Every structure is written in structure tokens, then in C-alpha cells.
Amino acid sequence: VSPMPPPTPPMTDLKPIQLLEIKARGRFGCVWKAQMLNEVVAVKIFPLQDRQSYLTETEIYQLPYFSSHDNILKFIAGEKRGDHLNTELWLITEFHEKGSLYDFLKGNLVSWPDVLKVAETMSSGLAFLHEEITSHQMCLYKPAVVHRDFKSKNVLIRNDNTACIADFGLALKFDMGKPVGDTHGQVGTRRYMAPEVLEGAINFSRHHFMNIDMYACGLVLWEIMSRCSAADGPVEEYQLPFEDEVGQHPTLEDMQDVVVQRKHRPQFREQWSSHAGLTSLYRTITECWDTDPEARLSAGCVQERLAQLAATTIH
Ligand code: ADE
């Protein structure tokens with residue numbers, strides 16, 4: 001009898017990773033700071049039942065052009081880890097010590113040049129996401145992608161205070177000539193839902209979804225300017241958008257009442273009127289969160305306005 005071949009070892013190409021500390025808990029699993037050989041990385045661990053979110057996210061990160069854009073979180077690998085009784089899905093990305101924009105704003109005041117830097121790089125990431133890129137080689141086709149859960153916890157801050165966009169578990173891509181996959185309308189974080197989403201009155205065109213991202217982008221831009229140290233007078237403690245009206249855990253009804261019925265939006269603060277840049281930025285933000293989705297600015301337009309603002313204001 002011939003000898004049995006040795007069993008093939010499972011997944012020999014997995015590099016050893018040591019999980020160091022939990023940095024964030026999200027809708028799907030949690031994010032760890034981890035050590036992979038000589039490199040510090042972030043590991044987002046999805047339980048097996050959140051497989052779809054893991055698959056969506058890894059697919060989006062691996063689309064053409066994604067890995068080379070400065071304002072998208074850098075993807076390193078997606079792996080199945082653990083034994084067959086306790087399988088987990090690990091999404092490995094670059095790690096950013098400053099954490100999310102939300103963490104950053106809670107702990108820091110922001111100078112006017114840094115307001116512009118964070119805002120412009122964040123808008124650049126969103127403009128890239130929304131953009132469809134075609135080339136004659138079809139293998140380098142990037143579909144338009146919408147995020148659908150845009151918020152300050154899903155924007156990360158690099159050491160140089162530029163921003164990158166993360167968390168594509170709810171993202172949708174729009175491949176040319178293909179109908180959008182099976183989806184439903186009311187997803188994302190209630191606090192950041194556009195009025196038409198709160199009303200359940202959405203259609204499924206890509207421009208419609210982009211307008212929904214832009215509403216949320218307006219709220220995040222307001223969060224950034226709310227911590228700016230450039231205007232006269234004291235800066236208030238960080239608050240989430242609408243926190244003064246709906247608190248920490250709003251219901252859908254709370255949000256419908258404030259955003260749809262009362263048509264409230266985060267307010268202009270009196271001390272901003274002394275600063276031409278902040279006054280101008282607030283005007284741009286009001287064009288992101290217009291009740292009429294079609295009237296909202298595109299991400300590319302916001303990026304342009306911010307570049308102009310940077311060129312015309314100094315302090
Ligand atoms: N929180 C969520 N993702 C992160 C990352 N990649 N780096 C640092 N903090 C994070």
C-alpha cells in the first residue's frame with residue numbers, strides 16, 4: 001500500500017496577528033488595534049452572521065482605483081480566521097491613531113486651516129466614491145459607489161489631520177448597465193437620515209442615493225465647524241447633530257418630527273458671524289442639507305468651494 005499523503009495545512013499564508021485593544025464597536029462587530037509582524041494595523045472582526053456586510057466591504061475596497069486614493073481607508077486583507085467552531089471574518093486595514101473624526105472632535109478644538117483640511121480631504125474622498133471612472137480597458141472600470149452610512153464615526157483622521165472614509169458595509173455600487181442589486185431604502189444611522197429617507201420616500205437611482213450621502217455630509221461638515229477655534233468667544237463642548245433636540249438615542253419618530261415636520265437643521269452660531277470663512281462655510285453646508293434632494297450640492301462641488309475658501313481666507 002502506498003503511504004497517505006500528509007494532510008494539507010489550512011491557510012498557511014495567514015500572518016500572525018496579535019490583537020492589542022478594542023478601538024470601536026460598530027453595527028457589525030468591533031475594531032481592534034493590532035500588531036501584524038512589524039506593522040500596527042486595524043482589524044474589524046465580523047461575526048459569521050454578518051457575513052454579507054464583510055463581503056460588501058471587502059468587495060468595495062478591492063474595486064479599481066480604491067487602493068490608490070488618499071482619502072479612502074487603505075485595505076490590507078480580508079480573511080477567514082479561527083477554527084470551524086468559531087469562525088470569524090477579519091477585515092484588516094491601516095490603523096490611524098487619532099481614530100474617527102467623532103473621537104477627534106470630542107477631544108480637540110480645530111484651527112481654521114485644519115477645518116478646511118479635514119473638510120476638503122473628506123469631500124475629496126466622497127467625490128471619488130461617487131465618481132464613475134471609465135477607461136478603454138474595462139478591467140479598470142470603477143462604478144459609482146454610494147456609502148449610505150456617512151457620519152463622523154465613519155471618517156478617520158490621519159496623523160497629518162487629513163481625512164479618509166471608512167466602513168463600506170452598507171455601500172452600494174452602480175455597475176454600468178446593471179440594475180442595482182436587491183436593497184431596501186431605510187438603512188444607515190437614524191440621526192444622519194435625510195428627510196426623504198425618514199419619510200420612506202426614496203427611489204433607487206444612483207443620483208438619489210448620492211443626494212442622501214450629501215445630506216449626511218452637510219451634518220458632518222457642521223460638526224467640524226462647530227469645534228473651530230477661529231471665531232471670537234468660547235467654543236461649546238462637542239455635540240452630535242441634533243443632540244440638543246433628540247439626545248443620544250433618537251427614535252425614527254424623534255428624527256421625523258425634527259427633520260421632516262419642523263424642518264430643523266443644526267444652527268448657525270452667533271460668534272461665527274465675525275469670521276468670513278465660517279460664515280461662508282455655513283452657507284455651503286445649508287446647500288448640502290436642502291429639503292429638496294435635487295437642490296443639494298455634489299461632493300465635487302463642495303470640494304471646489306472648500307478649495308476656493310482656502311485660497312481666500314487666511315486665519
Ligand atoms: N476605528 C475604526 N477604524 C479604525 C482604524 N482603521 N484606525 C483607527 N481607528 C479606527
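We count ligands from 1, going down the list as the structure has it; atoms in each ligand are counted the same way. The model shown is predicted, which means the values in this text are computed figures rather than measured ones.
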Assess whether a salt bridge exists between [X] and [Y], defined as any Lys/Arg side-chain N lying under 4.0 Å from an Asp/Glu carboxylate O.
X	Y	answer
R227	E236	no
E196	R296	yes
E57	K44	yes

**Item:** For ligand 1, the residues whose heavy atoms come within less than 4.0 Å (ordered by chain, then number)
**Value:**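 These residues qualify: V31, A42, L73, T93, E94, F95, H96, G99, L156.
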
**Message:** Check the orientation of F168 and F66. Use parallel for under 30°, tilted for 30 to 60°, and perpendicular for over 60°.
**Reply:**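 Perpendicular: the ring planes of F168 and F66 meet at over 60°.
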
**Asked** Hey, what's the ring geometry for F209 with F174, parallel, tilted or perpendicular (30° and 60° as the breaks)?
**Response**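 It falls in the tilted class, 30° to 60°.
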
**Item:** Matching residue for M122 among L221, T162, L306, N71 - test: side chain to side chain contact (heavy atoms under 4.5 Å, CB included)
**Value:**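 Exactly one pass, corresponding to L221.
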
